[in-house]
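Proteins get letters first, then strands, A, B, ... in listed order; numbering begins at 1 in each.
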Number of protein chains: 2
Amino acid sequence: MVQSFFQRNLQFNRSFKKKLNEQLMKVGLYHSQWSIIYYLKQFDTTTLVEISNYLDVEKPTITRTVNRLEEQQLVVKIPSEDKRERRIQLTGKGLALYEEAKQIVDAFERSLLTGIPDDDQKKTVEVMQLLLEKLK
Amino acid sequence: MVQSFFQRNLQFNRSFKKKLNEQLMKVGLYHSQWSIIYYLKQFDTTTLVEISNYLDVEKPTITRTVNRLEEQQLVVKIPSEDKRERRIQLTGKGLALYEEAKQIVDAFERSLLTGIPDDDQKKTVEVMQLLLEKLK
DNA sequence: GATGTATAGTTACCTAGGTAACTAATTCTA
DNA sequence: TAGAATTAGTTACCTAGGTAACTATACATC
């Protein structure tokens, strides 16, 4: 049975998330938590809406994941001047975990990408980017 | 902020599933239900384990989705000689829905892929396939 | 033939995504 | 400036993925 372009992508994605979760288990994180921690590291303080826009994930999903990070004391929510929003920030513990997780994720991604020519990687990213734009 | 190869793939995948679900809503299906119906159409009768192996999705997930298809009377479970297994089959209603959904999915996928050169598509599939094998 | 192992499927429970509808605060506008 | 519209975030509830542990049947082996 021939698999369509998209079926293949769905399948790759399931496997990738599974293995990435396995790796991140070493530091007690899930991949969605990692995405948020990674974003927070780059931007110091941010809001739920900013995370939602950047990751293109709906707000309720982000709310839930951030709450779990807060329970683990990896982030704190700081009241803002605009009383609607609360600025989210990595704690010391969160920053330390970032460093640990970064090693793991980098090694994992490198191990997957080695042996795949740069041109092929670039072309694939181009195609994904184009498809993403067409979806919107 | 530069997005990694994999972050981009995760994002594309979220958007793709979202839009595919929107399309399939027209016939009251979710994309995971569609994957199973599509597989059943090709193989006439099959088992839960076969579906699980082919889609590379764990058994409990398949169990749940197949049960929902059964509730909608799109599939039936037929007792087998081997009393452990139950062979799963599309009903008439399921087959009719397959035809409807196929039109929708084909049109959706075509609209996304038009304008993307065949070579680029092929290269992308190659890369995904290679990455998938490396994951195992 | 009894016992141990493998297989099909289910149940319970976890995270990750979504939508709809809501509150509270802010901003826009007539 | 009062009222309308927008925005930040939350709550409730849906499907989709996962793991662990279980039952029942089948098969293998001693």
Side-chain angles (χ1 to χ4, degrees), chain A residues 7 9-25 28-37 45-72 75 77-88 135, chain B residues 7 9-25 28-37 45-72 75 77-88 135:
Chain A
Q7 287 290 345
N9 191 286
L10 291 171
Q11 187 162 325
F12 166 69
N13 218 259
R14 277 193 299 268
S15 294
F16 176 73
K17 284 196 283 191
K18 207 164 153 180
K19 296 286 179 186
L20 182 54
N21 274 337
E22 275 175 28
Q23 291 300 309
L24 283 170
M25 265 309 121
L29 286 178
Y30 288 91
H31 76 272
S32 60
Q33 297 176 336
W34 165 248
S35 293
I36 290 178
I37 286 180
T45 92
T46 181
T47 67
L48 204 139
V49 167
E50 282 168 16
I51 299 174
S52 170
N53 287 338
Y54 178 73
L55 295 180
D56 197 19
V57 168
E58 298 298 324
K59 289 185 298 175
T61 304
I62 304 293
T63 296
R64 192 213 291 135
T65 305
V66 166
N67 283 345
R68 288 201 190 115
L69 291 174
E70 196 182 17
E71 283 164 20
Q72 295 177 257
V75 307
K77 292 181 188 158
I78 299 166
S80 168
E81 203 162 319
D82 181 335
K83 283 177 191 166
R84 287 172 306 180
E85 70 176 28
R86 285 136 51 142
R87 303 205 65 83
I88 300 161
L135 280 171
Chain B
Q7 286 289 345
N9 193 305
L10 291 171
Q11 188 162 325
F12 167 68
N13 217 260
R14 277 193 299 269
S15 294
F16 176 72
K17 284 196 283 192
K18 207 164 154 180
K19 295 287 178 184
L20 182 54
N21 274 337
E22 275 174 28
Q23 291 300 310
L24 283 169
M25 265 308 122
L29 286 178
Y30 288 93
H31 76 272
S32 62
Q33 299 176 333
W34 166 246
S35 293
I36 290 178
I37 286 180
T45 93
T46 181
T47 68
L48 203 139
V49 167
E50 282 168 17
I51 299 174
S52 170
N53 287 336
Y54 179 74
L55 295 180
D56 196 21
V57 168
E58 299 299 324
K59 290 185 297 175
T61 305
I62 304 292
T63 296
R64 191 211 292 135
T65 305
V66 166
N67 283 345
R68 287 200 190 116
L69 291 174
E70 197 182 17
E71 283 164 20
Q72 295 177 256
V75 307
K77 292 180 187 159
I78 299 166
S80 167
E81 205 162 318
D82 181 336
K83 283 178 191 165
R84 287 172 305 180
E85 68 176 29
R86 283 136 52 139
R87 304 206 64 82
I88 299 160
L135 279 172

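Residues B:Lys83 and B:Thr61 both approach DNA chain D. Their nearest nucleotides, taken by heavy-atom distance, put B:Thr61 toward the 5′ side. Each of A:Thr65 and A:Asp82 was assigned the nucleotide of DNA chain C with the nearest heavy atom; the assignment lying further toward the 5' end belongs to A:Thr65.
Legend: salt bridge (Lys or Arg N to Asp or Glu O under 4.0 Å) pairs involving residues 52-61 of chain B, not counting sequence neighbours, sorted by first then second residue: A:Lys18-B:Glu58, B:Asp56-B:Lys136.
Partners of B:Phe16 by ring-ring contact (aromatic ring centres under 6.0 Å, His included), not counting sequence neighbours, listed by chain and number: A:Phe6, B:Phe12, B:Phe108. By the salt bridge (charged side-chain N to carboxylate O under 4.0 Å, His left out) test, A:Lys19 pairs with no residue at all, sequence neighbours left out. Qualifying side-chain contact (heavy atoms from CB on, under 4.5 Å) partners for A:Gln33, counting only residues two or more places apart in sequence or in other chains: A:Leu29, A:Tyr30, A:Thr65, A:Arg68, A:Leu69, A:Gln72.
Rounded to whole Å, atom C1' of C:dA8 lies 16 Å from atom CD1 of B:Ile78. When the P atom of D:dG17 is taken as reference, atom CE of A:Met25 falls 19 Å away, rounded to whole Å. The CG atom of B:Asp56 sits 7 Å away from the P atom of D:dG18 (whole-angstrom rounding). Straight-line distance from the CG atom of B:Leu55 to the C1' atom of D:dG18: 15 Å, rounded to whole Å. One can place CG of B:Leu29 at 17 Å from C1' of C:dG18, the figure rounded to the nearest angstrom. B:Glu71 places its CD atom 9 Å from the P atom of D:dT15, with the value rounded to the nearest Å. When rounded to the nearest whole Å, the span between CD1 of A:Ile51 and C1' of D:dA8 equals 12 Å. Rounded to an integer number of Å, the gap from B:Glu58 CD to D:dG17 C1' is 9 Å.
Atoms CG and CG, on B:Leu10 and A:Asn13 in that order, are 5.5 Å from each other to the nearest 0.5 Å. Here the straight-line distance linking atom CD1 of A:Ile51 with atom OG of A:Ser35 works out to 10.5 Å at 0.5 Å rounding.
Put simply, the residue from A:Ile62, A:Thr63, A:Thr47 that forms a side chain to side chain contact (heavy atoms under 4.5 Å, CB included) with A:Ser52 is A:Ile62.
Within 4.0 Å (heavy atoms only), A:Lys17 reaches no atom of the nucleic acid at all. Nucleic acid contact for A:Asn21: none, since no nucleic acid atom lies under 4.0 Å from a heavy atom of the residue.
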Any N/O pairs under 3.5 Å between the protein and nucleotides 2-4 of chain C? List them or say none.
none

- Message: For nucleotides 9-14 of chain D, give me one character per nucleotide, 5' to 3': B if any protein heavy atom sits under 4.0 Å from the base, S if the only such contacts are to the sugar-phosphate, - if neither.
- Response: BBBB--

- Should A:Asp82 and A:Glu85 be marked as a side-chain contact (heavy atoms from CB on, under 4.5 Å) after you check the CA-CA gap, both sets of side-chain angles, and the distance that decides it? CA-CA 6 Å; A:Asp82 181 335; A:Glu85 70 176 28; 4.0 Å; yes

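Considering only heavy atoms from C-beta on, B:Thr45 stays 4.5 Å or farther from B:Ile88 through its side chain.
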